[in-house]
Structures are given as structure tokens and as C-alpha cells.
Amino acid sequence: MTQQWKEVSKDEFFKAIGPRDVSPTPVGRYPYTSLFKTRAGAVVGKIEGYYPEGSGLPKWRHWLPA
């Protein structure tokens with residue numbers, strides 16, 4: 001079964017992650033998607049990098065498990 005995600009604002013993302021002991025793990029090529037994992041390996045969020053159409057600068061989407 002695949003993980004279901006909901007897109008949230010940057011503030012909502014970091015509020016939900018809170019003071020948990022998590023580390024971002026980059027996946028893929030730049031702009032990276034970073035999976036935020038606990039020490040036990042549970043994924044508690046992700047930040048996805050992308051290039052908006054017509055832009056050479058990356059933007060970021062913030063996701064939490066649905």
C-alpha cells in the first residue's frame with residue numbers, strides 16, 4: 001500500500017514535525033525530495049523540490065501523511 005500525503009504550508013509542516021527527533025534524508029536529484037524520518041525509520045513528512053513552469057529557481061512543497 002502506498003503512503004497517502006496531504007500538502008500543507010511550511011508553517012503547518014514544521015509545527016507538525018515539532019521537536020521530534022527526525023532527520024531529513026535526500027532522495028533523487030536536485031531539487032531533492034527530503035524524507036523526514038525518525039530514528040526508527042518512520043517517515044513523518046516530506047519536502048518536495050520542484051521547478052515551477054518558466055522558472056529556473058526551485059520551490060518547495062511540504063507534505064504530511066494523510
Side-chain angles (χ1 to χ4, degrees):
M1 181 175 203
T2 58
Q3 176 80 43
Q4 298 293 315
W5 297 96
K6 65 178 177 178
E7 188 171 5
V8 297
S9 71
K10 179 180 178 179
D11 290 338
E12 290 173 307
F13 178 83
F14 285 105
K15 185 177 179 180
I17 296 295
R20 289 193 237 183
D21 185 16
V22 297
S23 294
T25 304
V27 177
R29 297 175 57 166
Y30 186 83
Y32 304 105
T33 294
S34 294
L35 299 177
F36 284 70
K37 296 181 179 182
T38 64
R39 287 181 188 244
V43 178
V44 296
K46 70 178 179 178
I47 297 178
E48 175 184 58
Y50 70 100
Y51 288 106
E53 187 173 335
S55 176
L57 300 174
K59 296 259 184 184
W60 311 99
R61 291 185 179 119
H62 299 77
W63 302 88
L64 292 172

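Just so you know, these numbers use all the heavy atoms, side chains as well, and skip hydrogens, waters and symmetry mates. The residues of the chain are indexed from 1 along the displayed sequence.
Transitive grouping of hydrophobic side chains (ILVMFWY, heavy atoms separated by less than 4.5 Å) brings Val27 and Trp5 into a common cluster. A continuous path of ILVMFWY side-chain contacts below 4.5 Å connects Ile17 to Ile47, so both sit in one hydrophobic cluster. Note: the hydrophobic cluster containing Val8 does not contain Leu35 (ILVMFWY, side chain heavy atoms under 4.5 Å, direct or indirect links).
Between Pro58 and Pro31, the shortest heavy-atom distance links the atoms CB-CB, 4.0 Å. Shown here for Pro65 and Val44, the closest heavy-atom pair between the two residues is CD-O, 3.4 Å. In this structure, Phe13 and Gly45 approach most closely via the heavy-atom pair CE1-CA, 3.8 Å.
Every pair passing side chain to side chain donor-acceptor pair (under 3.5 Å) that includes a residue from residues 42-66 is listed here, sequence neighbours excluded: Glu48-Trp63.
Taking the salt bridge (charged side-chain N to carboxylate O under 4.0 Å, His left out) definition, one finds that Asp21 meets it with Arg39, sequence neighbours left out.
Between Val43 and Gln3, the closest side-chain pair of non-hydrogen atoms is not below 4.5 Å. Residues Ser23 and Phe36 have side chains not in contact (no heavy-atom distance under 4.5 Å, counting atoms from C-beta outward).
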